[in-house]
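Single-structure report; data block below.
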Amino acid sequence: MRVAVRRRPGRADGLPPAFFVHGVGGSSRNWSSLMELLADDVECEALDLPGFGASPPPGSRDYSVFGHARAVVRALEAAGRGPVHLFGNSLGGAIAVRVAALRPDLVRSLTLISPALPEIPPQRTALPTGLLGVPGVTGLLRLMTRGRPPSQRARELLSLSYGDPSRITPQEYAAAEAELQRREALPYFWDSLARTARGLVGAYTLGGQNSLWRQAERVLAPTLLVYGVRDRLVSFKMARRASRTFGNSRLVMLPGAGHVAMMEYPAVVAGAFREFLAETTSAVDG
């Protein structure tokens with residue numbers, strides 16, 4: 001397995017390591033603003049999940065949450081960086097929960113931003129993501145979007161993710177359009193997207209000890225939960241359940257944020273993490 005990892009060195013020696021995992025259709029670049037703001041606090045590395053960003057698809061074609069979690073574990077083990085402050089957004093949040101539950105030795109704290117934990121029924125605006133996993137749908141989607149310019153599709157995707165689309169800068173739109181064009185030229189783009197969506201839906205249906213909520217109960221690491229009230233993909237109403245489920249957690253609700261709070265309000269998220277880090281450090285020292 002080969003994966004791409006982007007690094008943002010800390011501004012001082014000896015800072016603790018942090019590791020960032022993106023969501024469906026995203027990449028390590030989703031964390032760029034937050035990583036820059038946290039360079040005084042942690043050594044930052046962000047992973048491109050297999051089949052996304054600059055990472056090639058996995059040879060096993062395993063895009064399940066378990067498969068992606070194995071990629072994270074292998075990356076951490078190969079670098080010898082554990083335990084880390086592990087961050088996850090959306091699908092990356094579900095992956096981070098798996099890693100923290102199964103390999104507590106690799107995780108010193110967990111920060112989950114709109115984590116994709118089972119929500120039944122899901123929000124209507126989240127249904128298209130789930131439908132990507134239905135066989136044949138991606139082929140139909142390719143035909144439907146072929147005549148629409150990448151700029152329009154990139155704008156729609158960003159608008160769905162942001163709580164307030166007016167905050168999206170022209171530079172962000174341009175970067176999203178360029179990235180969309182680059183990815184759609186890759187021969188495995190649609191397959192990676194479809195199989196990852198299918199894997200996430202599959203994780204939602206698992207019961208028993210493999211249930212994401214049951215594994216959340218097993219997480220030992222202190223956990224920071226960040227939810228956006230305007231999130232149209234993961235309902236903020238799940239925040240209370242998450243807060244009750246994780247044994248040692250702190251909940252932050254952002255009224256103006258959508259699904260990608262670390263991109264919309266990076267300074268606020270960075271401040272929340274610093275407070276959380278100070279609290280957990282003092283608790284350990286005490």
Side-chain angles (χ1 to χ4, degrees), residues 1-4 19-28 30 46-76 86-103 110 112-123 125-142 157 160-161 183-184 186-216 218-219 233-235 238 242 259-260:
M1 178 182 292
R2 292 189 298 119
V3 292
F19 201 79
F20 301 77
V21 188
H22 63 81
V24 177
S27 75
S28 57
N30 294 158
L47 173 78
D48 283 331
L49 290 170
F52 295 91
S55 292
S60 63
R61 300 185 75 188
D62 183 359
Y63 289 95
S64 67
V65 172
F66 271 122
H68 284 311
R70 280 194 293 271
V72 172
V73 168
R74 289 178 181 179
L76 291 175
L86 185 59
F87 289 69
N89 168 238
S90 191
L91 165 68
I95 293 168
V97 169
R98 288 269 196 235
V99 174
L102 300 176
R103 291 295 305 271
L110 194 59
L112 304 176
I113 301 172
S114 294
L117 297 173
E119 178 184 351
I120 300 176
Q123 296 197 90
T125 45
L127 290 176
T129 301
L131 289 174
L132 285 173
V134 177
V137 168
T138 51
L140 179 61
L141 186 60
R142 291 179 72 174
L157 289 171
L160 179 63
S161 299
R183 290 187 187 181
E184 289 186 346
L186 298 172
Y188 54 83
F189 169 78
W190 290 103
D191 185 61
S192 297
L193 197 61
R195 289 179 180 272
T196 296
R198 196 176 307 154
L200 182 57
V201 172
Y204 271 40
T205 63
L206 291 176
Q209 294 301 315
N210 289 324
S211 161
L212 281 169
W213 285 112
R214 185 66 63 85
Q215 294 204 327
R218 295 170 54 187
V219 171
L233 296 172
V234 171
S235 174
M238 303 304 293
H259 193 58
V260 287

### Message
Students often mix this up, so state it plainly: with edges at 30° and 60°, are the rings of H68 and Y63 parallel, tilted or perpendicular?
### Response
perpendicular
Just how far is it from atom [atom1] of [X] to atom [atom2] of [Y], taken to the nearest 0.5 Å?
| X | Y | atom1 | atom2 | answer |
| --- | --- | --- | --- | --- |
| R183 | W190 | CZ | CH2 | 12.0 Å |
| L117 | S235 | CG | OG | 12.5 Å |
| R70 | S64 | CZ | OG | 5.5 Å |
| M238 | W213 | CE | CH2 | 4.5 Å |

Can you give me the closest heavy-atom contact between [X] and [Y], atom names plus distance?
| X | Y | answer |
| --- | --- | --- |
| A94 | A116 | CB-O, 3.5 Å |
| G53 | S27 | CA-CB, 3.9 Å |
| A96 | L110 | CB-CD1, 3.7 Å |
| V65 | G199 | CG2-O, 4.1 Å |
| V234 | H259 | CG2-CE1, 3.5 Å |
| A75 | F19 | CB-CZ, 4.0 Å |

Minimum side-chain heavy-atom gap [X]-[Y] below 4.5 Å:
| X | Y | answer |
| --- | --- | --- |
| R103 | L76 | no |
| H22 | L47 | no |
| Q215 | L102 | yes |
| L193 | V24 | yes |
| V73 | V99 | yes |
| S55 | R2 | no |
| N30 | F20 | no |
| L49 | I95 | yes |

#### Entry: The single option from N89, D48, L91, L86 passing side-chain contact (heavy atoms from CB on, under 4.5 Å) against V21
L86
### Query
With sequence neighbours left out, what residues match R214 under salt bridge (charged side-chain N to carboxylate O under 4.0 Å, His left out)?
E217
